[in-house]
Amino acid sequence: MTSDDRPSGPPTPASRQRAAPAEPRTKGWVVARLAGAPVIITPSWFVAAIALTLLYANTVGAGRPWLGTTSVYGVALAFVLLLFASVFLHEVAHAYVARARGHEVRELALTLWGGHTAYTGGVGRPLDAFLVAVVGPATNLVLAGAFWGVFQTTDPWGVPAMLLYAGAFSNLFVGVFNLLPGLPLDGGQVLESGVWAVTGDRARGTVAAGWIGRVVAVGIVAWAVLPRLSRGEDIDLTTVVWSTLIAAFLWSGATQAVRQGRARMAIATLAVTDLMVPAVTVPVTATVEDARRSVVSTHAMVVVDAAGTAVAVVEPTALSAVPVDQASRTPLSATSIPLPPGPGVPVTARGADVLDAVADRGGDAPVVPVTDGVRVVGVLPVGAVVQAVRAVTEGRRA
């Protein structure tokens with residue numbers, strides 16, 4: 001901290017919200033529920049709170065030397081709690097807008113780096129991505145204005161004024177910082193949604209925003225170091241440490257975003273027709289003997305109900321193992337693997353739609369039925385989809 005009440009390094013930013021698949025919840029203590037999701041305080045948050053309190057105590061002591069030691073640390077802690085409350089409101093805004101756009105919020109977490117909001121379902125439209133992203137920084141900018149307005153009405157030498165000024169500046173910084181146009185920051189998602197809207201390709205927007213995120217990471221270190229070097233001044237160690245930590249966080253997130261974008265581009269080349277196995281269908285009332293008359297060596301065999309919906313897939317080894325003299329008395333269900341309920345994968349599906357369909361219908365079944373909208377025409381082996389995704393993504397990285 002410096003004596004003018006401004007932190008010499010950036011305060012911990014609120015991280016960009018992430019559209020997440022079902023994954024383990026962040027470890028920590030659940031203290032509330034908002035937007036239908038748990039609010040979690042992680043152990044690392046306490047590390048950040050203690051570190052920031054110790055740092056800001058120097059500023060408080062320099063700016064208000066008449067305060068005793070206990071009061072100095074009390075004011076510093078009050079500022080840190082005020083900062084994290086602002087970060088929390090940033091995440092609450094993300095959560096409620098995400099829910100309003102049709103997503104299920106999984107958690108709001110306060111962490112070492114500020115916080116994050118996780119929600120399921122992904123983002124279906126550029127406008128959704130833009131609104132969810134921009135509302136967080138906008139909340140901080142509104143808070144900055146509110147703190148500044150109240151600050152103007154208080155005694156500038158009082159402790160309340162000091163906290164109000166710090167609250168205004170920190171919210172302004174967090175809001176502007178998060179609007180920098182690079183992933184994993186909110187501004188990066190705004191950029192991603194813009195490129196997505198113009199090109200119709202979200203993956204292209206992700207890669208572009210990821211690369212800009214890397215530039216932002218390098219720029220933060222340069223901003224912290226180069227001006228002082230150009231003036232021949234000593235470099236402040238606290239500034240270097242903070243800027244390096246923030247830059248490392250951004251570089252890591254940006255690199256992950258670039259990889260995800262490239263993976264999406266690769267996955268977009270997948271097509272159901274390239275991975276499916278053609279199928280013949282047999283009624284659910286059939287016996288093993290009936291099924292054997294319909295066997296085609298190059299086709300899978302799918303059991304359908306009276307409405308033509310796939311309910312099971314026949315296991316060839318089990319089918320052939322039934323003795324001939326028992327085939328007419330053995331129901332086909334005895335040699336079949338049940339399929340989870342739900343619609344099949346459209347034969348026209350490509351890219352991420354293939355993965356979504358498999359995720360929605362796959363369950364523990366080895367295959368997912370493929371339909372032409374009316375009838376079952378094939379099966380999509382889940383293992384083949386996994387291998388194809390691995391092949392295209394590893395190939396793209398290479």
Side-chain angles (χ1 to χ4, degrees), residues 1 7-20 23-24 26-28 40-56 80 83-84 86-91 94 107-119 132-134 136-137 139-140 169-192 206-226 235-262:
M1 299 290 183
S8 58
T12 49
S15 67
R16 183 178 70 93
Q17 79 293 332
R18 44 197 173 92
E23 59 185 16
T26 299
K27 293 182 179 180
I40 302 170
I41 296 181
T42 67
S44 65
W45 177 85
F46 291 95
V47 175
I50 292 171
L52 287 172
T53 298
L54 294 175
L55 286 172
Y56 194 65
V80 170
L83 172 62
F84 276 105
S86 300
V87 170
F88 177 64
L89 291 176
H90 174 118
E91 299 304 333
H94 281 318
E107 67 179 28
L108 296 85
L110 291 176
T111 68
L112 176 67
W113 295 109
H116 71 248
T117 301
Y119 55 89
V132 174
V134 78
T139 298
N140 290 117
F169 177 78
S170 60
N171 272 282
L172 177 65
F173 187 93
V174 170
V176 172
F177 182 85
N178 274 276
L179 283 174
L180 292 176
L183 289 173
L185 297 171
D186 295 313
Q189 190 167 346
V190 170
L191 174 61
E192 176 191 56
T206 303
V207 172
W211 275 105
I212 297 298
R214 287 172 165 175
V215 173
V216 170
V218 174
I220 286 174
V221 177
W223 168 79
V225 174
L226 293 183
I235 298 175
D236 180 69
L237 180 60
T238 301
T239 299
V240 172
V241 170
W242 270 110
S243 61
T244 302
L245 287 174
I246 297 298
F249 163 75
L250 293 181
W251 184 274
S252 176
T255 299
Q256 183 179 7
V258 171
R259 289 174 178 169
Q260 289 176 345
R262 288 174 173 171

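Keep in mind that the numbers below use all heavy atoms, side chains included, and drop hydrogens, waters and symmetry copies. Every value quoted in this text rests on a predicted model; they were computed, and no experiment measured them.
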Which pair of non-hydrogen atoms, one from [X] and one from [Y], has the smallest distance, and what is that distance?
{"X": "Ala48", "Y": "Phe84", "answer": "CB-CZ, 3.9 Å"}
{"X": "Leu183", "Y": "Ala257", "answer": "CD1-CB, 3.6 Å"}
{"X": "Ala254", "Y": "Pro184", "answer": "N-CD, 3.8 Å"}
{"X": "Glu107", "Y": "Ile40", "answer": "OE1-CD1, 3.6 Å"}
{"X": "Val221", "Y": "Ala247", "answer": "CG2-CB, 3.5 Å"}
{"X": "Gly28", "Y": "Pro43", "answer": "CA-CD, 4.2 Å"}

- Task: Quickly, which of Val87, Leu89, Val174 forms a side chain to side chain contact (heavy atoms under 4.5 Å, CB included) with Thr139? Name it, please.
- Result: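 It is Leu89, the one option of Val87, Leu89, Val174 that forms the side chain to side chain contact (heavy atoms under 4.5 Å, CB included) with Thr139.
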- Query: Looking at Thr26, Leu110, Leu112, which one forms a side chain to side chain contact (heavy atoms under 4.5 Å, CB included) with Thr42?
  - Reply: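 It is Thr26; the other options fail the test.
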- Message: Could you walk me through whether Phe46 and Ile41 satisfy the side-chain contact (heavy atoms from CB on, under 4.5 Å) test, starting with their C-alpha distance in whole Å, then the side-chain angles of each, then the deciding distance to 0.1 Å, before giving a yes or no?
- Response: CA-CA 9 Å; Phe46 291 95; Ile41 296 181; 3.8 Å; yes
- Exercise: do Asp186 and His90 side chains pair donor with acceptor under 3.5 Å: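 Checked: Asp186/His90 side chains pair up, N/O donor to acceptor below 3.5 Å.
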For the backbone of [Y] and the side chain of [X], can you confirm whether one donor and one acceptor N or O come within less than 3.5 Å of each other?
{"X": "Ser243", "Y": "Thr239", "value": "yes"}
{"X": "Thr117", "Y": "Glu91", "value": "yes"}
{"X": "His94", "Y": "Val132", "value": "yes"}

- Item | Spacing of Ser252 atom OG and Arg214 atom CZ [to the nearest 0.5 Å] |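 Those atoms lie 10.0 Å apart.
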- Measuring from Leu250:CG to Thr255:OG1, what's the distance to the nearest 0.5 Å?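 Going from CG on Leu250 over to OG1 on Thr255, the span is 10.5 Å.
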- Message: Go through it in stages, so that I can follow the logic: the residues are Leu191 and Ile212, the test is side-chain contact (heavy atoms from CB on, under 4.5 Å), and I'd like the CA-CA distance, side-chain angles, deciding distance and then a yes or no.
- Response: CA-CA 9 Å; Leu191 174 61; Ile212 297 298; 3.9 Å; yes
- Task: Apply the test side-chain contact (heavy atoms from CB on, under 4.5 Å) to residues Asn140 and Leu172: give CA-CA distance (whole Å), side-chain angles for both, the deciding distance (0.1 Å), then the verdict.
- Result: CA-CA 6 Å; Asn140 290 117; Leu172 177 65; over 6 Å; no
- Task: Check whether any side-chain heavy atom of Leu83 lies under 4.5 Å from a side-chain heavy atom of Leu52, and answer yes or no.
- Result: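 Yes, side chains in contact.
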- Please walk me through it: do Phe177 and Ile220 pass side-chain contact (heavy atoms from CB on, under 4.5 Å)? CA-CA 10 Å; Phe177 182 85; Ile220 286 174; 3.5 Å; yes
